[in-house]
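A short worksheet on the structure shown next.
Owing to the predicted nature of the structure, the values given are computational and were not obtained by experimental measurement. Both backbone and side-chain heavy atoms feed into the values below; hydrogens, waters and symmetry mates do not.
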Amino acid sequence: MTVGVREQPRGAGSPRPRPGARPGLVGWLTGLAVLAGVGYRLWLLTQAAPPTNSDEATMGLAALHIARGEDFPVWFYGQQYMGTLEAYLAAPVFTLAGGPSLLGLRLPTLALYALFLLLAWRLTLRLTGDRWFGLLMVALLALGSDRIVKNQLIAGGGYPEMNAAGAALALLAVELATGRPGRRSAADGRTASTGRPGWRLARWATWGFLAGLMFWVDPLVLPYVAATGAVLVGFCRRELRGAAGALLGAAAVLGAAPLLLHSLLTWRNPLHAVLAASGANASAGWPDRLHGGLVLGPGLGMGFCAPGQCATWQLWWALALPLLLAIAAVTAWRALRTPEPAAVDPGTVSARVAAAVRLALVLAAVATLGAYTVSSSAGLTPVESSRYLSCLLISLPALLWPVWSVARHGLRTAVTGRRGVGSTLTRSVAVVLLAATLGTAAHATWRATQTVPAARAAEARHTELVSTLRQLGVRHVRAGYWTCNRLTFASAEQVVCAVVDDTLRQGFDRYPAYRREVDSAAAPAWVAPTGSPLAEVLDERQRITPGSLDLVTIEGWRVYLPR
């Protein structure tokens with residue numbers, strides 16, 4: 001006698017509402033959850049949270065150059081990987097707003113989050129047909145810990161757009177596999193109609209373009225490109241041999257055109273730069289990698305931890321995730337192997353298609369988690385590099401669907417269908433797991449909101465710094481990496497900064513033109529955060545050679561003016 005999870009009675013499509021389900025109520029609640037998620041992040045943006053940094057400012061400077069028509073960068077300044085899609089999205093905002101701003105830079109990322117939320121909701125409905133489960137997914141994705149909102153709102157390259165693109169690829173795979181030619185209708189056995197042929201070709205082109213675009217933007221989402229692509233090959237291989245395959249390939253080349261053209265013109269392989277950035281050239285022990293990748297990483301990367309750390313009790317998700325991956329894979333595989341009726345309602349997602357896409361999402365999550373764990377970044381910088389796991393949110397509907405099914409319907413035996421004590425206990429465990437998931441994410445979100453006053457105060461101090469430099473007539477400065485480009489962007493390049501390290505030697509300038517301009521200036525100033533090693537070195541210089549520098553102090557900052 002075998003035990004399995006009870007599946008929906010009509011497969012994974014959009015079934016008729018059950019008595020008492022009140023689809024009107026669930027629809028309103030889902031809408032409110034969407035508004036809450038977007039509104040929470042909009043409020044964060046108005047409070048200058050999460051805190052910005054020089055990497056985000058670098059993307060802002062690229063957007064400023066695009067808006068002015070001065071430069072059209074393919075890659076994030078200073079490196080040969082990570083496309084500048086966010087800069088191209090922000091450039092029209094800067095043009096309409098009359099200049100650059102942190103809010104203008106982040107409005108496109110907020111729109112990308114809203115798009116991801118809607119796509120994830122639609123994908124959940126197409127995979128499960130359960131509107132209440134769709135509400136649960138929206139509510140969970142509306143929450144946002146410190147790491148989650150940083151991934152979704154900071155325009156630092158790649159992360160805001162990857163989740164939206166991954167969800168769109170999975171949804172398009174569902175639609176294309178559902179409406180594949182040759183699928184018979186329940187009514188008369190004829191081929192199911194999926195709308196105008198042009199719409200189907202448009203879906204093929206869209207999937208190909210998004211896949212190619214993600215090759216350019218960030219390779220972290222490639223497991224989801226490969227997994228959903230495998231679903232299309234499995235269900236639509238005959239169609240792919242014709243016009244659909246040619247259109248998909250052409251669209252993929254178009255999406256990846258910036259990467260391909262740059263690689264052909266420069267003879268540089270962006271994969272080498274990606275491997276170097278992931279820590280391939282560094283050394284980290286396997287215990288550190290396993291701890292960072294499998295213990296700290298899941299909680300931090302999926303939004304279950306407080307800002308910058310994971311309490312011991314929050315690490316429970318690291319234990320639950322492997323079990324959820326295994327259960328989701330087994331249930332999806334069993335559903336995929338179960339024959340479905342020859343007659344299927346047109347436009348309804350078959351159980352096998354839904355199971356295939358759920359399995360693809362699980363395998364993509366395993367690949368993402370595995371690739372991160374074997375990288376040195378997981379061992380060297382687990383807190384910050386946990387952002388590499390941001391794509392795991394795309395797989396949440398597949399991970400939690402078996403738990404939701406057990407919580408609602410319990411377990412059933414394949415033969416008798418009777419429920420017993422074991423089924424009741426398992427159902428209780430599933431309910432507790434879902435409640436713990438929501439509760440832990442809500443707690444992490446609450447902790448993230450507590451950091452907002454500090455972020456707002458830090459931004460106010462930085463604004464005062466920019467204003468002071470303008471009043472002093474300072475045009476050129478030298479400062480640390482995490483000060484320079486942020487200062488240049490905040491001043492709309494009225495103040496140009498060159499990077500120095502803590503010993504006053506030349507640092508890493510992502511935009512070399514700034515270095516050349518500062519080096520040619522007569523007497524650049526120095527800027528350092530109060531209490532920083534750079535400030536201590538400059539203070540020592542004042543003590544050794546009194547009168548060589550005039551000191552201007554601002555809350556949180558020290559400005560050194562050469563005489």
Side-chain angles (χ1 to χ4, degrees), residues 1-9 12 18 20-21 26 29 33 120 124 127-143 145 294-305 310-336 338 351 354-355 358-359 361-363 365-366 369 392-393 395-445:
M1 184 178 296
T2 59
V3 178
V5 176
R6 180 184 292 270
E7 295 287 343
Q8 292 295 318
R18 299 184 310 276
V26 70
L29 292 176
T124 302
L127 292 180
T128 68
D130 193 315
R131 294 179 178 271
W132 287 103
F133 183 58
L135 170 60
L136 174 67
M137 286 297 98
V138 171
L140 189 57
L141 295 175
L143 298 170
S145 69
L294 301 180
V295 179
L296 289 179
L300 285 166
M302 299 186 72
F304 298 102
C305 292
C310 260
T312 302
W313 69 270
Q314 291 172 317
L315 296 177
W316 72 269
W317 181 254
L319 300 176
L321 182 58
L323 294 176
L324 291 177
L325 288 169
I327 294 172
V330 169
T331 55
W333 176 254
R334 289 182 59 185
L336 180 62
T338 301
R358 295 204 310 269
L359 182 60
L361 294 178
V362 172
L363 295 178
V366 172
L369 190 61
L392 293 181
L393 294 181
S395 299
L396 270 181
L399 293 179
L400 294 181
W401 172 241
V403 183
W404 174 266
S405 297
V406 171
R408 292 204 69 180
H409 308 290
L411 295 176
R412 66 178 179 85
T413 59
V415 178
T416 65
R418 297 177 182 175
R419 300 181 185 177
V421 176
S423 178
T424 302
L425 177 61
T426 308
R427 189 173 185 179
S428 301
V429 171
V431 171
V432 170
L433 179 59
L434 292 175
T437 301
L438 276 172
T440 308
H443 178 269
T445 302

> Between Leu361 and Leu127, is a side-chain contact (heavy atoms from CB on, under 4.5 Å) present by the stated rule, with each step listed?
Replying inline: CA-CA 11 Å; Leu361 294 178; Leu127 292 180; 4.1 Å; yes

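- Residues Ala444 and Cys305 come closest through the heavy atom pair CB-O, 3.3 Å.
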> For Leu399 and Leu321, what are the C-alpha separation, side-chain angles and deciding distance, and is it a side-chain contact (heavy atoms from CB on, under 4.5 Å)?
Replying inline: CA-CA 8 Å; Leu399 293 179; Leu321 182 58; 3.9 Å; yes

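- Annotation: side chain of Leu296 is in contact with side chain of Leu315 (closest heavy-atom distance under 4.5 Å).
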Counting only pairs under 3.5 Å, give me each side-chain donor-acceptor contact of residues 435-442, with atom names and distances, residues two or more places apart or in other chains.
from, atom 1, to, atom 2, distance (Å)
Thr437, OG1, Leu433, O, 2.8
Thr440, OG1, Trp316, NE1, 3.0
Thr440, OG1, Ala436, O, 2.6

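- With sequence neighbours excluded, the residues satisfying side chain to side chain contact (heavy atoms under 4.5 Å, CB included) with Leu294 are Leu290, Leu369, Thr373.
- With values rounded to the nearest 0.5 angstrom, Leu400 atom CG is found 10.5 Å from Ser405 atom OG.
- One distance of note links OG1 of Thr331 with CG of Leu336; it measures 11.0 Å at 0.5 Å rounding.
- At distances below 3.5 Å, not a single donor-acceptor pair connects side-chain atoms of Ser395 with backbone N or O atoms of Val362.
- Of all heavy-atom pairs spanning Ala430 and Ala407, the tightest one is CB-N, 3.8 Å.
- In this structure, Ser145 OG and His443 NE2 are separated by 12.0 Å, a value rounded to the nearest 0.5 Å.
- Under the side chain to side chain contact (heavy atoms under 4.5 Å, CB included) criterion, Ala318 pairs with no residue at all, not counting sequence neighbours.
- Closest approach of Ala335 to Arg358, counting heavy atoms only: CB-NH2, 4.2 Å.
- You'll find the ring centres of His409 and Trp404 outside the 6.0 Å limit.
- Between the CG atom in Leu319 and the CG atom in Leu324 there is a gap of 11.0 Å [rounded to 0.5 Å].
- The closest donor-acceptor contact from the side chain of Arg131 to the backbone of Val26 lies at 3.5 Å or more, if one exists at all.
- In this structure, the side chain to side chain contact (heavy atoms under 4.5 Å, CB included) partners of Thr124, at least two apart in sequence or on a different chain, are Thr128, Phe133, Met137, Pro397.
- Under the rule for a side chain to side chain contact (heavy atoms under 4.5 Å, CB included), the partners of Ala33 that lie at least two apart in sequence or sit in another chain are Leu135, Val138.
- Considering only residues two or more places apart in sequence or on other chains, Phe304 meets the ring pair (Phe, Tyr, Trp, His ring centres under 6.0 Å) condition with Trp317.
- In terms of heavy-atom proximity, Arg427 sits nearest to Val406 at CG-O, 3.3 Å.
- The closest side-chain heavy-atom distance from Asp130 to Arg408 is below 4.5 Å.
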